[in-house]
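To start, the structure itself, in structure tokens.
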Amino acid sequence: MSKHRRSTGPGATFGLWNRIAVIVAGILLVSWGGPAATAFWGSISGGPGAAKADTVAQGSKPVTAVSGGNVTVTWAASTTAAGRSVTGYSIARYATATAGTRIAAAGTCTGTVAALICADSNVPTGTWYYTVTPLLSAWQGAESTRSAATAVDATAPGAPVITAPVYVYSGNVNKVPVSGTAEPGSTVVLTVTGAGAQPLTETMTANGSGNWTAPILNMSAFNEGNINYSARATDAAGNTSPAGTADSTKDVTAPTVTGVRLNNGGATAGKVDSGDFVTLTFSEPLKASTICSTWTSPASTQTVSGNGNNRVVVNVSANDVLTVTTNSCPVLRVGSVALGGEYTSSNLSFDTPNSGGVLHWSSTSQALTITLGGGNAGGATLGSDTIPTYTPASDLTDVAGNALGTSSVPGAPSRF
């Protein structure tokens, strides 16, 4: 049996010391460099003294893209001098092109990033410069050159202001105008919702003055009731505003005449004389200004009394048709009432300076009352009720703007 002998000659001694020196040198190099060192020891091969140092290359200059307060950072892969791939990257940003405080990136750029792309989130408004530092185990390469200036606008625009009609009615339901204001140059997305149909969405751009106008909107498919508008603006940096809101009420149902009645308020029942009055009732409140141009809504009552210089004149023609005029309303729309009986064979006028007629509107009872002022009574006295008939004037509307029809409507059996 052969035996190996341990060499004890000068060559063996030199080899031993060589290996010890390599190990000591490696320990010293690692100890000197620490975790941030760019050099590290490669694998040992080929015998004594074969251990050799490798270095992590400097990171590549990153490229950035901005959307609102988010910055996407991309970069090229890094290797060691010997061609080994690094295991990750550390991403940071600075507020200045040189020097300054290193700020660790957030979002998917937090910590060690294995990919070659990440997104830094919730970046404050300002100009930022990004760097990439390659990592390999406990070692890291040199920080990259800083990126080009990255301007971040993280401030959202203010909520858009929406201008919409108070009412969507029969006259505008298929062409509703909606406009508003927003940050100049921003993209405005308007959404219209209501019961009975899918939402309508339109996208516009606010002009240099911040004004925007939606295309004409057809709201025929929505049910009557509330129509809701919501608009958000997105600026060039990608920031989106809170919602601006507005509302309309959809009412496309035309008002109707529901009552025509003659009432005795004078001295003699069955005779047309001072104090008698006509009551005209409607299915819903009319817009007061369409009756008398000086009346306003939404006051619950409106009255014109014919006393002094204000005159309310009630006329009854020889063929028993009642009409009314007044100098208190530059434009008066009432219509006429055929009394349905032979009250007079001559034209009568009821109005005196001290006892003028009265024109009264109540939105609560939805009724217009015409009261006869002072004047001579008719010559005939009716012994039974008749059927009066009301013919409305044109251009009377409800509060929403729907027109009252002008066809004649018979009333309840009644008499003065």
Side-chain angles (χ1 to χ4, degrees), residues 256-283 286 288 290-292 295 301-329 331-362 364-394 396 404-416:
T256 59
V257 178
T258 58
V260 182
R261 188 173 187 85
L262 308 181
N263 305 276
N264 177 48
T268 305
K271 184 183 288 289
V272 57
D273 55 5
S274 178
D276 289 341
F277 60 98
V278 179
T279 304
L280 307 173
T281 309
F282 304 90
S283 60
L286 299 184
T290 66
I291 303 171
C292 173
W295 288 351
T301 60
Q302 308 275 353
T303 302
V304 174
S305 296
N307 291 300
N309 293 327
N310 295 323
R311 311 304 292 270
V312 176
V313 182
V314 180
N315 296 300
V316 178
S317 69
N319 59 348
D320 298 289
V321 175
L322 181 149
T323 57
V324 59
T325 63
T326 177
N327 62 355
S328 296
C329 300
V331 178
L332 178 68
R333 303 179 186 90
V334 174
S336 61
V337 180
L339 302 180
E342 297 292 335
Y343 284 98
T344 181
S345 59
S346 61
N347 294 329
L348 303 177
S349 181
F350 293 89
D351 166 61
T352 62
N354 296 321
S355 180
V358 177
L359 191 64
H360 177 78
W361 165 251
S362 170
T364 303
S365 59
Q366 302 163 195
L368 179 67
T369 304
I370 306 165
T371 303
L372 283 60
N376 295 323
T381 302
L382 274 62
S384 61
D385 290 343
T386 61
I387 303 295
T389 301
Y390 172 48
T391 303
S394 60
L396 289 168
L404 178 72
T406 57
S407 300
S408 298
V409 180
S414 57
R415 59 175 171 159
F416 284 139

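- S305 is linked by a side chain to side chain contact (heavy atoms under 4.5 Å, CB included) to T303, N307, V358, counting only residues two or more places apart in sequence or in another chain.
- A377 approaches L348 most closely through the heavy-atom pair C-CD1, 4.2 Å.
- For T386, there are no side chain to side chain donor-acceptor pair (under 3.5 Å) partners two or more places apart in sequence or in a different chain.
- Exactly one residue among D320, V321, N315 makes a side chain to side chain contact (heavy atoms under 4.5 Å, CB included) with S317. That residue is V321.
- Partners of S345 according to the side chain to side chain contact (heavy atoms under 4.5 Å, CB included) rule, which considers only residues two or more places apart in sequence or in another chain, do not exist here.
- The only option from L280, T323, T389 that meets the side chain to side chain contact (heavy atoms under 4.5 Å, CB included) definition with V337 turns out to be L280.
- Within a 6.0 Å radius of CG in N310, other residues, nucleotides and ligands contribute more than 12 heavy atoms.
- Among the candidates L262, T371, L368, V334, the single residue satisfying the side chain to side chain contact (heavy atoms under 4.5 Å, CB included) test with V278 is L262.
- In this structure, the separation between OG1 on T369 and CZ on R261 is 12.5 Å, given to the nearest 0.5 Å.
- D351 meets the salt bridge (Lys or Arg N to Asp or Glu O under 4.0 Å) test with R311; sequence neighbours excluded.
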Working note: T301 + S362, criterion side chain to side chain donor-acceptor pair (under 3.5 Å); need CA distance, chi angles, decisive distance, verdict. CA-CA 5 Å; T301 60; S362 170; over 6 Å; no
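- For the atom pair CD of Q366 and CG of L286, the computed distance is 8.5 Å after rounding to the nearest 0.5 Å.
- I291 contributes atom CD1, which lies 7.5 Å from atom CG of L359 (distance to the nearest 0.5 angstrom).
- Of all heavy-atom pairs spanning G265 and D276, the tightest one is N-OD1, 2.9 Å.
- Sorted by first and then second residue, the ring-ring contact (aromatic ring centres under 6.0 Å, His included) pairs involving residues 332-359 (not counting sequence neighbours) are Y343-F416.
- Side-chain contact between I387 and P413 is present, with at least one heavy-atom pair separated by less than 4.5 Å.
- Rounded to the nearest 0.5 angstrom, L382 CG and T268 OG1 are separated by 12.5 Å.
- Contact check for V324 versus T326: no side-chain heavy atoms found under the 4.5 Å cut-off.
- For T279 and N263, the side-chain atoms include at least one donor-acceptor pair closer than 3.5 Å.
- Among residues two or more places apart in sequence or in another chain, the side chain to side chain contact (heavy atoms under 4.5 Å, CB included) test is passed with V257 by V260, F282, Y390, P392, L404, V409.
- Inter-residue side-chain proximity for P388 and S414 is flagged as met; some heavy-atom pair is nearer than 4.5 Å.
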